[in-house]
Amino acid sequence: MNEIREAVLASELAAQAELPEIVLETPREKVHGDYSTNIAMQLTRIAKQNPRAIAERIVSQIRKERVYVERIEIAGPGFINFYMDKTFLHGVIRQISREGESYGKVDIGAGKKVQVEFVSANPTGSLHLGHARGAAFGDSLCNVLAFAGYDVTREYYINDAGNQILNLAKSIDARYRQALGLEAEMPEDGYYGEDIIGFAKQLVEQDGDKYLSWSEEERLKFFRQYGLEQELAKIKRDLERFRVSFDVWTSETKIYEAGEVEAVLKELTDKGQTYEADGAVWLKTTPYGDDKDRVLVKNDGTYTYLTPDIAYHKNKYERGFDQMINIWGADHHGYIPRVKAAMQALGYSPDKLTVLITQMVSLYQGGEKVKMSKRTGKAVTMEDLMDEVGVDAIRYFFTMRGIDSHLDFDMDLAVSQSNENPVYYVQYAHARICSIYRQAEEQGINPLPVDQIDLGGLTLEAEFELLRKLGELPQEVAEAARLYAPHRLIRYVFELASQFHSYYKAERIITGDAQLTQARLALVGCVRTVLANVLRLIGVSAPERM
RNA sequence: GUCCCAGUAGCUCAGCAGGAUAGAGCAUGCGCCUUCUAAGCGCACGGUCGGGGGUUCGAAUCCCUCCUGGGACGCCA
């Protein structure tokens, strides 16, 4: 790339200052070479010449012997295509063998501190489908960011202070009475999940009807605490099983207890960002682009949800992250402007906070959309899903798509052990390579260290393509991190698996030629490493046998 | 009414800091198991990139506008 830059400058077409960024890409079509640049077309306006003429002048200045280039062609409207001396690709094998689990790491993050807050489901019920998508996406994103050189903190914010927790206590109260065979009506905004019926039964088994004799205040206080502990424990269990672990669990109650909510309210008031109207305290969010101002303190003196949330986000800002990412469900998108506005009102840069929105998930079974109902508690929980389809398939499917699209999750497909199921396709490639290595061992073939292998035998087009693909991992990781798009890696790993399966079908790895066998074992060993590395990033296991 | 997301092959989706003939899986059709795992491989079929304008040497990609589908618009959380 530097060679191109120098050639462009040497051809005196443009001054250094006005030189556009030189992009070297891998063309989709092989006939267009190994690398390609459109720099000549980009220079048309500056150099005031037609692109092909520009391309010719640039090419004449390139010293190709210095960069392993075999030949250069000018094609189409003015693309400059580079055809490499293919043996340079053998270096990929040496690199992967040397770096192993670390292969693919890049350092675009340069150690910057990134905090990612995700899932953060209210501890009032079991995690369900939508949370699973957030968990899969969030965790994969964190893995990718860490692999790209960021210092990542995973955080779960526990909303354990609002009205919803009182409703949880009341719901447990009602279920408790029902479990004792008494008449009891669920509260208006009650929680109807199976989990709560279970808690109530458990309480009856443990302690019988003893809570009936308590005062309502005492009883609800106890149920509240009990419910919170149980729900949170359940959430942690589910997430752990889903292979997601958080570095920090921040409790809303703790934020209250530390006086941060009152403090932030005072700070906003002192800064003249609030006013009183209709008996309530409002925050001026409209100057920062919100539709309307928002209430912080209701006319009954209690806080809205926004107020502690501002305190929480201030808390995050104060912890000194370079970047904060919130992953929210689509139903919270309208909430973004007011939180950002509040941060600006406090004097923080809104650019440090990025909110990523995951669209809804629909579940399909037997070709039918599965209906969910809060009222009856008939939602498919994350636990049900893990029982039925397994963690690998869920994580793969939920990471497979960009978060902007509504996602249809087909249960039948996810459980099917067939060619329709892409999870197995990728895992199978890994297992196959492991099998080849087992086979080699049985035949008494010991894989040699790479520096003792003559890779010159790898001359097939399929082998060069595999090597090229393997070589692309670092830039794929960088792109996935830059775009917050781990699904790109699924695409990548699927394509790699596909190329491997095709190669495996066409050529034997273990051949009569000992030297060639060593070279091919090294090659597929690298494929195995890369498959495992990517699967690890998306939280899917890489089985040795299937 | 305002805001967000989507609209690309029969279906589900990639591609979108502009680039060459728009890709993949599934479905459909036809082939391939005496040799390292057939949860596999090969071939074929399939598209006015929602419509219309604009910017550009070049637009699925950027801008404007319209249409369709989904979601959000509380002194709930």
Heavy-atom nearest nucleotide on RNA chain B taken for A:Ser502 and for A:Leu407; more 5' hit belongs to A:Leu407

Taking the nucleotide of RNA chain B with the closest heavy atom to each, which residue, A:Ala485 or A:Tyr335, is nearer the 5' end?
A:Ala485

Would you state whether a donor and an acceptor, one from the side chain of [X] and one from the base of [N], lie under 3.5 Å apart?
X: A:Arg482; N: B:A17; value: yes
X: A:His406; N: B:G71; value: no
X: A:His333; N: B:C73; value: no
X: A:Asp331; N: B:A77; value: no

Is the distance from OP1 or OP2 of [N] to the nearest side-chain N or O of [X] less than 4.0 Å?
X: A:Thr511; N: B:U35; value: no
X: A:Lys505; N: B:G31; value: no
X: A:Arg438; N: B:U37; value: no
X: A:Tyr428; N: B:A39; value: yes
X: A:Arg488; N: B:C16; value: yes

Taking atom [atom2] of [N] as reference, at what distance in whole Å does atom [atom1] of [X] sit?
X: A:His332; N: B:C73; atom1: NE2; atom2: P; answer: 9 Å
X: A:Leu283; N: B:C75; atom1: CG; atom2: P; answer: 13 Å
X: A:Leu356; N: B:C4; atom1: CG; atom2: C1'; answer: 14 Å

Without swapping roles, check the side chain of A:His313 against the backbone of A:Asp309 for a donor-acceptor pair under 3.5 Å.
yes

Is a donor on one side and an acceptor on the other found under 3.5 Å between the side chain of A:Ser502 and the backbone of A:Ser498?
no

Any side-chain donor paired with an acceptor under 3.5 Å for A:Asp513 and A:Thr511?
no

Quick check for you: among [options], whose closest atom lies nearest to any side-chain atom of [X]?
X: A:Asp408; options: B:G70, B:C13, B:A39; answer: B:C13
X: A:Arg491; options: B:C36, B:A24, B:G70; answer: B:A24
X: A:Tyr425; options: B:U35, B:G40, B:G25; answer: B:G40
X: A:Lys298; options: B:C13, B:C76, B:C36; answer: B:C76
X: A:His487; options: B:A77, B:A14, B:C41; answer: B:A14
X: A:Thr304; options: B:C36, B:C75, B:U37; answer: B:C75
X: A:Ile510; options: B:A14, B:C36, B:U37; answer: B:C36
X: A:Arg432; options: B:G40, B:C36, B:C5; answer: B:G40

A:Val261 versus A:Tyr256, closest heavy-atom pair with distance
CG2-CD2, 3.7 Å

Does B:C33 fall in syn (glycosidic angle within 90° of 0) or anti?
syn

Could you tell me whether [X] contacts a base, only the sugar-phosphate backbone, or nothing, with contacts defined as non-hydrogen atoms closer than 4.0 Å?
X: A:Gly279; answer: nothing
X: A:Glu544; answer: base
X: A:Phe494; answer: sugar-phosphate
X: A:Gln499; answer: nothing
X: A:Asn81; answer: base

Is it possible for you to check whether A:Arg338 lies under 6.0 Å from the centre of the six-membered ring of A:Tyr288, through NZ or CZ, and within 45° of that ring's axis?
no

Tell me the partner of B:C49, counting only Watson-Crick (N1-N3 plus N6-O4 or O6-N4) or G-U wobble (N1-O2 and O6-N3) with both under 3.5 Å; none if nothing fits.
none

Which word best sums up how the rings of A:Tyr335 and A:His332 line up, parallel for under 30°, tilted for 30 to 60°, or perpendicular for over 60°?
perpendicular

